[in-house]
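Everything on this sheet refers to the single structure shown next.
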Protein chains: 2
Amino acid sequence: MDEVPTGDELLKVLGALGNPHRMRIVGALLEGRNYVSRLARELGIGRPLLHMHLQRLEAAGLVVGTLELSESGKSMKYFELTPFCFALTPQSVASAALTLTEEERPTMKESAK
Amino acid sequence: MDEVPTGDELLKVLGALGNPHRMRIVGALLEGRNYVSRLARELGIGRPLLHMHLQRLEAAGLVVGTLELSESGKSMKYFELTPFCFALTPQSVASAALTLTEEERPTMKESAK
DNA sequence: GATATGTGTCAGCTTTCTTTGACAGGTGCG
DNA sequence: CGCACCTGTCAAAGAAAGCTGACACATATC
């Protein structure tokens with residue numbers, strides 16, 4: 001039931017969900033799949049902005065987008081939620097922290113000591 | 001068992017946990033309470049930086065700090081984890097998104113009003 | 001052709017977060 | 001006293017995130 005992610009994966013998930021717009025996007029997609037332009041209108045934000053947010057959610061594996069051709073021939077990108085499930089406890093966070101790679105380093109300063 | 005937070009609360013929690021240093025701090029505190037200077041040495045980061053990160057975690061309710069007087073008379077601030085437990089699913093995120101206040105808006109210029 | 005829909009990207013600005021060094025204070029001990 | 005700890009704060013710089021308008025491309029309809 002619960003997914004047990006690596007530190008880097010959990011970092012991307014938390015970074016993706018820790019934003020008002022992206023939380024609202026998840027809420028909007030819970031009612032069904034939707035395409036970018038319509039989603040932008042419903043949420044009242046610009047499409048370039050929404051595009052960026054969706055990319056962040058997709059990079060975290062929380063949504064998936066598929067480019068489809070409508071019957072009229074226009075290409076439309078539909079996004080939908082993935083059935084993710086993460087538990088946030090001191091234990092789960094701590095075990096994820098152990099697998100953090102230094103690529104995600106906040107700052108590197110490996111001199112002598 | 002699971003905590004059901006408001007949108008703003010969840011936002012603070014996700015923002016607090018979505019950082020490599022703060023994840024490591026949670027991992028370090030899982031082994032027991034600790035005071036700031038020692039924690040900074042063990043994690044290899046500066047005290048001012050750790051102080052800021054701890055403040056962020058405390059603002060999210062994930063840790064609590066208590067200023068105590070050691071037997072020798074020095075004042076030391078001990079931090080320890082709170083037994084938090086959050087479930088991250090499309091449903092939990094969506095319901096939290098409904099209670100988001102506009103105060104936590106992502107950059108809004110408040111010129112007129 | 002002009003308009004309306006859809007797609008995506010880019011540069012540049014603003015805002016926030018992160019980080020560091022310096023500074024303030026306190027206590028106990030040789 | 002000077003040294004070794006502890007506490008806290010501040011300003012400024014650097015890095016990252018957020019946001020906007022303009023652009024380019026496609027297709028269908030008027």
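Sequence lines set the chain letters: A, B, ... in the order given, protein chains first and strands last, and positions in each chain run from 1.
At least one side-chain nitrogen or oxygen of A/Lys77 sits closer than 4.0 Å to the OP1 or OP2 atom of C/dG8. Distances shown here put every side-chain N or O of B/Tyr35 at or beyond 4.0 Å from the OP1 or OP2 atom of D/dT7. Remark: B/Asn19 is in phosphate contact with C/dT18, judged by side-chain N or O atoms under 4.0 Å from OP1 or OP2. Put simply, A/His51 has no side-chain N or O that comes within less than 4.0 Å of OP1 or OP2 on D/dC19. The side chain of B/Arg38 contributes no N or O atom lying less than 4.0 Å from OP1 or OP2 of D/dC6. Phosphate proximity of D/dG18 to A/Arg56: present, with a side-chain N or O under 4.0 Å from OP1 or OP2. An OP1 or OP2 oxygen of D/dA17 is reached within less than 4.0 angstrom by no side-chain nitrogen or oxygen of A/His53. Contact between the side-chain N/O atoms of B/His21 and the OP1/OP2 oxygens of C/dT18 is not found at any separation under 4.0 Å.
With contacts defined as side-chain heavy-atom distances shorter than 4.5 Å, the pair B/Leu17/B/Leu62 qualifies.
What separates CG of A/Leu54 from P of D/dG18 is a distance of 13 Å, to the nearest Å. Regarding B/Leu57, its CG atom lies at a distance of 10 Å from the P atom of C/dT18, rounded to whole Å. The CG-P distance, from B/Leu17 to C/dC17, rounds to 16 Å in whole Å. A/Glu71 places its CD atom 13 Å from the C1' atom of D/dA28, with the value rounded to the nearest Å. Summarising the geometry, the separation between CE on A/Met76 and P on C/dT7 is reported as 6 Å, rounded to the nearest angstrom. Remark: P of C/dC17 and NZ of B/Lys12 are 12 Å apart, rounded to the nearest angstrom. Atom P of nucleotide C/dG6 and atom CG of A/Leu50 are separated by 12 Å, given to the nearest angstrom. If you take CG of B/Leu11 and C1' of C/dT16, they are 13 Å apart, rounded to a whole angstrom.
Fit an axis to the five pairs at each end of the helix from C/dG1-D/dC30 to C/dG30-D/dC1 and the two axes sit 20° apart, to the nearest 10 degrees.
Place A/Lys74 and A/Gly46 on DNA chain D by their nearest nucleotides, and A/Gly46 ends up nearer the 5' end. For the pair A/Gly73 and A/Ile45, nearest-nucleotide mapping onto DNA chain D gives the more 5' position to A/Ile45.
A donor-acceptor contact closer than 3.5 angstrom is absent between the side chains of A/Asn34 and A/Glu80.
In the set D/dT20, C/dG8, D/dT7, D/dT7 carries the atom at the smallest distance from any side-chain atom of B/Ser37. Comparing D/dT7, D/dA17, C/dG21 against the side chain of B/Pro48 picks out C/dG21 as the nearest. Picking from D/dT7, D/dG18, C/dT20 the nucleotide with the shortest atom distance to the side chain of A/Met52 gives D/dG18. Taking only side-chain atoms of A/Arg41, from C-beta outward, the nucleotide of C/dG8, D/dA28, C/dG6 with the closest atom is C/dG6. Here the side chain of A/Arg47 is nearest to one of C/dT7, D/dC19, C/dG28, namely C/dT7.
Proximity of a side-chain donor or acceptor of A/Ser75 to a complementary backbone N or O of A/Leu69 within less than 3.5 Å is not detected. In this structure, the side chain of A/Thr99 does not engage the main chain of A/Thr6 through any donor-acceptor pair within 3.5 Å. Judged by distance alone, with hydrogens and angles left aside, the side-chain atoms of A/Glu3 form no donor-acceptor pair with the main-chain N or O of A/Phe86 at under 3.5 Å.
With A/Arg22 as reference, A/Leu57 is the one residue of A/Leu50, A/Val63, A/Leu57, A/Leu54 to meet the side chain to side chain contact (heavy atoms under 4.5 Å, CB included) rule.
Within 6.0 Å of the CZ atom in B/Arg47, the count of heavy atoms belonging to other residues, nucleotides or ligands does not exceed 12.
Between B/Lys12 and B/Glu58 there is no salt bridge, since none of the side-chain N atoms of the basic residue sits less than 4.0 Å from a carboxylate O of the acidic one.
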